[in-house]
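Atoms within each ligand, like the ligands themselves, are counted from 1 in listed order.
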Amino acid sequence: MRRRTDALGALLADIDQQQRRRVQRVSSRSPRLGSAAISEIDGRQLVNFCSNDYLGLSQHPDVIAALRDAATEHGVGSGAAHLLGGHSSEHQKLECELAAFTGRERALLFSTGYMANLAAVCSFAGREEVVLQDRLNHASLIDGATLSGARLVRYQHADAAAALERIQTHKNACMLATDGVFSMDGDIAPLAELASACAAHELWLLVDDAHGLGVVGPEGRGSVAAVGLDSAQVPLLMGTLGKALGCFGAFIAGDENVIEVLLQRSRPYIYTTALPPALAAATRVALRRCQDEGWRRERLQTNIARLRSNALQAGIQLSPSNTAIQPLIVGDSGVALALGNHLAAAGFLVGVTRPPTVPTGSARLRITLSAMHDAAQIDALTAALADGLRTLRDNASIPAAP
Ligand SMILES: Cc1ncc(COP(=O)(O)O)c(C=O)c1O
């Protein structure tokens with residue numbers, strides 16, 4: 001046993017040496033703090049620029065009230081898996097509403113987006129087949145391919161021509177999976193081109209729209225709706241409920257038979273407890289507010305434009321993105337950590353994302369915006385960022401821009 005515990009010590013030392021140690025911090029976001037854009041950590045209030053609660057719906061009073069009322073009605077836990085008595089009327093209604101929202105015949109709820117992606121890939125890809133994926137896809141899509149036993153082949157990021165070349169090379173390719181909005185980069189996949197390549201070669205196209213749903217497209221219907229692709233073009237559409245909708249869980253939407261096969265075959269659906277019904281009830285309200293309160297998306301867009309324009313003026317090079325995810329790639333993990341610490345000291349909570357979550361040499365600040373930020377907070381973040389970059393440059397931690 002001694003040898004095994006020593007090996008753990010060596011493993012952690014190696015993580016530290018690479019500046020890749022992840023830290024769990026206790027933080028609270030609460031309506032009592034007066035804004036969904038504020039987090040409290042160790043008694044200090046920081047402006048939160050790392051949440052995926054893009055519309056602020058997690059703190060919408062109607063959503064909170066729906067959760068409380070439904071828990072009073074249904075209790076807290078669902079008590080069982082969906083197919084063993086855990087599927088309540090609230091789950092059923094939410095599935096119907098998600099199907100209507102995405103313009104699909106049917107939707108199926110999953111406990112998390114991670115599980116939904118495992119389910120989607122494993123149910124439609126087999127051992128002798130090839131699954132094609134964008135290089136920068138979310139880990140859950142990659143893990144789905146591994147679990148399915150299919151061969152995973154990646155193509156150049158957001159490059160439809162490279163995807164087509166792989167499709168033509170791998171005659172046994174059965175599926176292409178891509179993020180709609182990329183989680184670490186904020187850019188959008190070339191969905192129309194990918195859809196026509198998949199249709200021409202009879203591949204399943206799976207789009208993970210975790211970061212597009214609620215944010216882009218008409219009434220926030222997502223990146224697939226934004227380019228008008230139907231279920232024939234995107235047969236497998238995955239969305240999460242814990243990001244722009246401010247709740248928890250996920251779903252896959254598609255044609256009747258596609259969803260029925262998932263229900264019959266997918267282990268992450270069959271062998272787990274159903275979401276709490278109260279959560280489904282709260283999500284139904286969030287979905288309605290997401291559609292009705294278009295001002296939230298408008299404010300988010302205004303905030304995105306403001307941050308990008310501020311950054312341009314300050315000579316800060318954000319990655320090209322028009323979504324709520326606005327990365328600042330600095331390359332080195334130590335530099336990214338130092339910048340994140342500088343921002344925290346200045347009162348801003350920003351995600352520092354390092355390998356292996358992102359490719360080696362592309363550590364970054366993953367800045368996320370919300371409709372709940374105001375102009376002053378965005379201006380202050382830009383000033384603190386510029387200050388941090390200047391300090392690091394003066395200390396020669398990052399090379400000066402050419
Ligand atoms: C692109 C993408 N897909 C899937 C997931 C997983 O969703 P969930 O957090 O519901 O498991 C995430 C978020 O973590 C994500 O960013």
Side-chain angles (χ1 to χ4, degrees), residues 22 24 29 50-55 57-58 91 94 98 102 107-122 131 133-147 154 157-158 175-189 191 194 205-217 220 222-224 226 234 236-253 266-269 272-276 279-280 282-283 286-287 319 321 323-327 351-354 356-359 364 366-370:
R22 302 169 203 260
Q24 199 180 38
R29 292 170 67 241
C50 61
S51 164
N52 300 320
D53 185 13
Y54 303 125
L55 303 178
L57 289 172
S58 76
H91 294 120
L94 177 58
L98 288 167
T102 52
L108 195 68
L109 286 172
F110 287 83
S111 297
T112 68
Y114 192 97
M115 292 166 76
N117 277 340
L118 295 186
V121 182
C122 289
V131 174
Q133 298 208 18
D134 189 290
R135 290 200 78 77
L136 299 186
N137 270 357
H138 189 261
S140 52
L141 288 170
I142 308 285
D143 293 355
T146 307
L147 192 62
R154 304 215 228 177
H157 174 54
M175 170 184 279
L176 186 148
T178 181
D179 285 16
V181 172
F182 287 90
S183 57
M184 294 298 137
D185 294 80
D187 55 339
I188 299 181
L191 294 175
L194 293 176
L205 175 56
L206 163 60
V207 176
D208 168 348
D209 211 16
H211 298 277
L213 208 85
V215 174
V216 298
S223 61
V224 170
V234 178
L236 291 159
L237 172 57
M238 194 287 273
T240 55
L241 310 174
K243 296 181 169 53
L245 291 176
C247 294
F248 187 79
F251 68 94
I252 297 176
S266 74
R267 297 165 71 91
Y269 177 77
T272 199
T273 302
L275 285 173
L279 204 51
T283 309
L287 185 61
S319 299
S321 158
T323 67
I325 301 162
Q326 295 289 324
V352 176
T353 313
R354 291 158 287 164
T357 302
V358 292
R364 67 199 63 189
R366 180 179 179 270
I367 303 167
T368 55
L369 290 166
S370 149

Ligand 1 and D208, any nitrogen or oxygen pair closer than 3.5 angstrom? yes
Exactly one of R366, Q326, H211, R364 clears side-chain hydrogen bond (donor to acceptor under 3.5 Å, both in side chains) with D185, and that residue is R364
Polar contacts were defined as any N/O atom of the residue lying under 3.5 Å from an N/O atom of the ligand; does this apply to H211 and ligand 1? yes
What protein heavy atom sits nearest atom 8 (P) of ligand 1, and how far off is it? G113 N, 3.3 Å
Using only atom types and a distance under 3.5 Å, with no angle test, would you say the side chain of H138 pairs donor to acceptor with the backbone of S183? no
What atoms of ligand 1 come closer than 4.0 angstrom to any heavy atom of Y114? 6 (C), 7 (O), 8 (P), 11 (O)
Between S321 (side chain) and G186 (backbone), is there a donor-acceptor pair under 3.5 Å? yes
Would M115 count as a contact of ligand 1 if the rule is a heavy atom under 4.0 Å away? no
Could you tell me whether M238 and ligand 1 have an N or O pair separated by under 3.5 Å? no
Logged contact type for T112 with ligand 1, heavy-atom cut-off 4.0 Å, is both
Give a yes/no verdict on whether any heavy atom in S140 is under 4.0 Å from an atom of ligand 1. yes
For atom 5 (C) of ligand 1, what is the nearest protein heavy atom, given as residue, atom name and distance? H138 CE1, 3.4 Å
For ligand 1, which part of S183 has a heavy atom less than 4.0 Å away: the side chain, the backbone, both, or neither? side chain
